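Below is one structure, written out as structure tokens; comments come after it.
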Amino acid sequence: MRLLIIEDERKTLALLGGNLTEQGFEVVCAQDGESGLAEALSGQWDALLVDIMLPKLDGLSLVRQLRAKENVTPVIMLSARGEVEQRIEGLDAGADDYLPKPFAMSELLARLRSIARRSIQAKPVALTVADLSFDTFSREVRRAGKRVELSSRENLLLECLLRAEGRVVSRRDILSAVWEYDFDPGTNLVDVYVRRLRDKLDRDHAVPLIQTVRGLGYALRVQP
Ligand code: CA
């Protein structure tokens with residue numbers, strides 16, 4: 001991951017830079033808002049760490065200007081502890097996350113991992129099986145070229161099955177991916193939604209794609 005740190009406090013900068021480099025990040029630093037903004041706009045970054053109080057251009061204005069130029073690089077704002085107002089302002093300005101100083105390096109790393117995961121998900125990818133296609137960016141679903149309207153849960157369920165690339169997905173994994181349950185609620189929720197998805201995707205087609213694998217779960221594939 002390529003990171004740009006915009007921070008004027010030398011001590012924090014050295015600590016952050018050192019730690020993140022050690023963790024395998026590629027780190028570039030800027031020490032005031034103006035040069036930080038220029039760097040942010042001229043390079044490809046996976047994330048920006050932006051201090052709020054900066055010389056020349058403060059962190060909030062920096063993020064506002066960045067977003068005004070339609071730059072969507074994820075931003076984590078850093079600021080002195082307890083500044084709730086600034087935190088809200090930071091998020092309003094277009095920051096994605098916020099870390100009060102002093103923070104634990106482990107927490108920063110966790111936020112960066114979360115940003116990395118989101119950015120992978122945000123890259124548009126077309127997932128296809130036979131004549132079914134799913135655009136992970138627009139979330140549009142088509143079967144045999146025809147648009148299929150799905151509810152948001154049905155859409156998530158379809159994505160979950162597609163991402164397994166034909167492998168069987170257990171009810172437990174579906175519950176976790178679609179409903180974020182880490183337990184089995186003991187209902188037939190999954191089966192109900194699979195039935196709905198089948199109705200919309202498979203009913204009018206000669207080749208059904210959603211397979212029930214008895215005792216194991218479901219798979220989306222052309223039946224062998
Ligand atoms: Ca500062």
Side-chain angles (χ1 to χ4, degrees), residues 1-125 135-139 152 156 159 163 176-177 179-182:
M1 258 181 117
R2 251 172 83 75
L3 300 179
L4 174 63
I5 307 176
I6 310 171
E7 161 71 272
D8 59 317
E9 269 169 64
R10 281 169 194 280
K11 221 175 104 192
T12 311
L13 199 57
L15 194 73
L16 271 178
N19 267 304
L20 291 169
T21 307
E22 220 169 83
Q23 295 286 332
F25 292 93
E26 196 184 321
V27 177
V28 172
C29 302
Q31 294 192 50
D32 66 73
E34 264 175 22
S35 62
L37 180 63
E39 282 276 12
L41 289 168
S42 65
Q44 279 288 338
W45 308 99
D46 294 299
L48 312 180
L49 303 181
V50 182
D51 186 29
I52 288 187
M53 299 294 281
L54 287 169
K56 293 189 185 169
L57 179 70
D58 69 272
L60 294 172
S61 310
L62 187 155
V63 174
R64 268 188 215 106
Q65 290 191 31
L66 197 67
R67 296 304 186 230
K69 292 192 188 324
E70 281 166 15
N71 183 304
V72 293
T73 308
V75 173
I76 300 178
M77 303 287 319
L78 310 172
S79 113
R81 193 158 45 129
E83 292 162 318
V84 181
E85 293 290 313
Q86 287 193 327
R87 168 183 178 167
I88 294 165
E89 248 188 281
L91 296 173
D92 280 347
D96 300 82
D97 212 338
Y98 167 89
L99 263 185
K101 288 198 255 185
F103 49 83
M105 193 48 74
S106 56
E107 188 174 6
L108 174 60
L109 290 172
R111 309 267 176 115
L112 288 170
R113 278 196 297 275
S114 149
I115 282 179
R117 277 196 301 275
R118 283 202 300 264
S119 78
I120 290 166
Q121 286 164 358
K123 291 215 171 80
V125 182
D135 183 321
T136 61
F137 195 67
S138 67
R139 312 202 64 81
S152 57
L156 286 171
E159 182 179 13
R163 286 196 184 277
S176 150
W179 285 272
E180 291 178 359
Y181 287 170
D182 52 5

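Remember, it's 1-based here, ligands and their atoms both numbered in the order they're listed. Only a predicted model underlies this, so the values are computations on that prediction, with no experimental measurement involved.
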Legend entry - Polar side-chain atom of Arg111 near backbone of Tyr98 as donor-acceptor pair, under 3.5 Å: yes

Legend entry - Single hit among Leu49, Val75, Val28, Leu62 for side-chain contact (heavy atoms from CB on, under 4.5 Å) with Ile6: Leu62

Legend entry - Taking every non-hydrogen atom, the tightest pair across Ala47 and Met1: CB-CE, 4.4 Å

Legend entry - the Ca ion (ligand 1) neighbourhood, protein N/O/S only, threshold under 3.0 Å: Asp8 OD1, Asp51 OD2, Met53 O

Inset, instruction - Flag the pair Met105 / Glu22 as yes when at least one side-chain heavy-atom distance between them is below 4.5 Å, and no otherwise. - result: no

Legend entry - Arg10/Asp51 salt bridge by N-O under 4.0 Å criterion: no

Legend entry - Residues forming a side-chain hydrogen bond (donor to acceptor under 3.5 Å, both in side chains) with Asn19, sequence neighbours excluded: none

